[in-house]
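The next block holds one structure in the form of structure tokens; read it before the comments.
For ligands, and for the atoms within them, numbers begin at 1 and follow the listed sequence.
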Amino acid sequence: MSETPSLLRRLIDAGLFIDTGAPGLYGRSGAFEEVIDRIDAAFVRAAGDDVTEVVRFPPGMNRRVFETSGYLKSFPQLAGTVHAFCGAHSDHMDLLEHLAAGEDWMGKQEPTEVVLTPAACYPLYPVVAARGPLAETGGLFDLQSYCFRHEPSDDPARMQMFRMHEMVRLGDQDQVLAFRAQWLERGQALVTSLELPFSLDLANDPFFGRGGKLMAAGQRAQQLKFELLVPIHSEEHPTACFSFNYHQDHFGLTWDIKTAAGEVAHTACVGIGLERVAIALFNQHGLSSSAWPVGVRKALWG
Ligand code: ATP
Ligand code: ZN
């Protein structure tokens, strides 16, 4: 066994993370949150003169929207649904008895109309669709949300609840691909300013089930997803801190989003994992942000 405490242990011992007893579910200290705020602001600054529409949704989304989005086809294993007690008085007594006996008390829990948001951009598409065709210039949105993914892990960079800040572009194929190319540059410049080692790679998602490998291969072959990876645990398996996704016309078709010319809209999103970048910084530059290199502090605090 290694003598060095794990990164998770060190984050908890330094008071940056607060253990809740559930893997991937942590409280955060003020010092950690200050860094999150600075990263968030730096991400928005990286957008330069872009005129974005800022939209915020709660971390739960409309179940019908979630069902229509196609998420369950690809990632049923990651989804989190919200259930609530829907019983009568006798069911309540039953629940309390089961609870007291340490038994399963969830018999009268029923699905609500809410599921936990898996990625910040998911609630946006039907909202844009409902407005009618896009303007000539397309659409550009700034979203930030806590997200849930059922991937419990001891890796502090793989959480069940974490924040994602996304920029989402809607328009014709050229507009959307130009946006993604521009953010590939911006993302690298941002991570360079934070003095983090990184690599850029073609990526694929962990699609579920038998067809999953094929879907992942298709995603790679069509270059739909790039990731900016930073070594946190290992050089060999660096961690995705940014992703740059081109959805082609998937959401356009799903939600009937049209361009000004009446074509099916294409979409792309760039997402930054705020906790991941913060953890990468604490891992690389030390557990006290006041002692970080001058250049890094300047990039974040100005
Ligand atoms: P990975 O390949 O590591 O599972 P991903 O491809 O699933 O990540 P995306 O779905 O593209 O990630 O999500 C956008 C960003 O959200 C990622 O680049 C990452 O920074 C962050 N992120 C994703 N999953 C997690 C997680 N479990 N904990 C913390 N941050 C995450
Ligand atoms: Zn997205």
| request: Examine A240 against ligand 1 and note whether any of their N/O atoms are separated by less than 3.5 Å. | output: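 Yes; at least one N/O pair falls below 3.5 Å.
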
| request: May I ask you to check if ligand 1 and I272 share an N or O to N or O distance below 3.5 Å? | output: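 N/O-N/O distance under 3.5 Å: no.
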
Which ligand 1 atoms does [X] reach within 4.0 Å, using its non-hydrogen atoms?
| X | result |
| --- | --- |
| F242 | 18 (O) |
| C241 | 18 (O), 20 (O) |
| M159 | 26 (C), 27 (N), 28 (N), 29 (C) |

Nearest protein heavy atom with distance in Å, relative to [atom]:
| atom | value |
| --- | --- |
| atom 2 (O) of ligand 1 | E227 OE2, 3.4 Å |
| atom 14 (C) of ligand 1 | S243 OG, 3.2 Å |
| atom 8 (O) of ligand 1 | R276 NH1, 3.7 Å |
| atom 27 (N) of ligand 1 | E151 OE2, 2.7 Å |
| atom 16 (O) of ligand 1 | M164 CE, 3.6 Å |
| atom 1 (P) of ligand 1 | R158 NH2, 3.6 Å |
| atom 22 (N) of ligand 1 | F162 CE1, 3.5 Å |
| atom 21 (C) of ligand 1 | G273 CA, 3.7 Å |

| message | For the metal site, I want the angle between atom SG of C269 and atom SG of C121 with the Zn ion (ligand 2) at the apex, to 10°. | response |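 About 130°, to the nearest ten degrees.
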
Checking [Y] against [X]: is there a side-chain donor and acceptor pair closer than 3.5 Å?
| X | Y | value |
| --- | --- | --- |
| E151 | Q77 | no |
| N283 | H233 | no |
| D40 | H165 | yes |

| said: For the CG atom of L170 and the CG atom of L124, what is their distance to the nearest 0.5 Å? | reply: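 The distance works out to 6.5 Å.
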
| query | Taking the six-membered ring of W301 as reference, does the NZ or CZ atom of R297 fall below 6.0 Å from its centre and within a 45° cone about the axis? | reply |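 Yes, cation above the ring, under 6.0 Å and within 45°.
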
| field | Atom CZ of R56: over 12 foreign heavy atoms under 6.0 Å | value |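 Enclosed.
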
| message | I'd like to know whether NZ of K108 has more than 12 heavy-atom contacts from other residues, nucleotides or ligands below 6.0 angstrom. | response |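 Open.
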
| Taking the inter-plane angle between the rings of Y122 and F251 on a 0 to 90° scale, is it parallel (under 30°), tilted (30 to 60°) or perpendicular (over 60°)? |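 Geometry flag for F251 against Y122: perpendicular rings.
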
| Any idea how F32 and F282 line up, ring-wise: parallel (<30°), tilted (30 to 60°), or perpendicular (>60°)? |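 Ring orientation of F32 relative to F282: parallel.
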
| Would a 4.5 Å heavy-atom cut-off, applied to side chains only, mark F75 and F208 as touching? |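 Side-chain contact under 4.5 Å: no.
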
| field | Criterion side chain to side chain donor-acceptor pair (under 3.5 Å) against Y246, the qualifying member of R169, Q219, Q173 | value |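 Checked R169, Q219, Q173 against Y246; only one passes side chain to side chain donor-acceptor pair (under 3.5 Å): Q173.
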
| Closest approach of V191 to F242 (non-hydrogen atoms, all atoms of both residues) |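 Answer, listing the atom of V191 first, then F242: CG2-CE1, 3.8 Å.
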
| query | Is the closest heavy-atom distance from Q160 to ligand 1 below 4.0 Å? | reply |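 For ligand 1, residue contact (heavy atoms, under 4.0 Å) with Q160 is absent.
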
| query | If you measure from each heavy atom of E166 to ligand 1, is any distance below 4.0 Å? | reply |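 For ligand 1, residue contact (heavy atoms, under 4.0 Å) with E166 is absent.
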
| request: With atom 7 (O) of ligand 1 as the reference point, say which of H237, E275, R149 has the nearest heavy atom. | output: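 When every heavy atom of H237, E275, R149 is considered, R149 comes closest to atom 7 (O) of ligand 1.
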
| Option of least heavy-atom distance to atom 29 (C) of ligand 1 (set: A157, P152, A280, G271) |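 Minimum heavy-atom distance to atom 29 (C) of ligand 1 goes to A157.
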
| query | Does ligand 1 have a heavy atom under 4.0 Å from the side chain of D205, from its backbone, from both, or from neither? | reply |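 D205 to ligand 1: side-chain contact only, backbone stays beyond 4.0 Å.
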
| Can you tell me the N, O or S atom of E166 that's nearest the Zn ion (ligand 2)? |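 In E166, the heteroatom (N, O or S) nearest the Zn ion (ligand 2) is OE1.
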
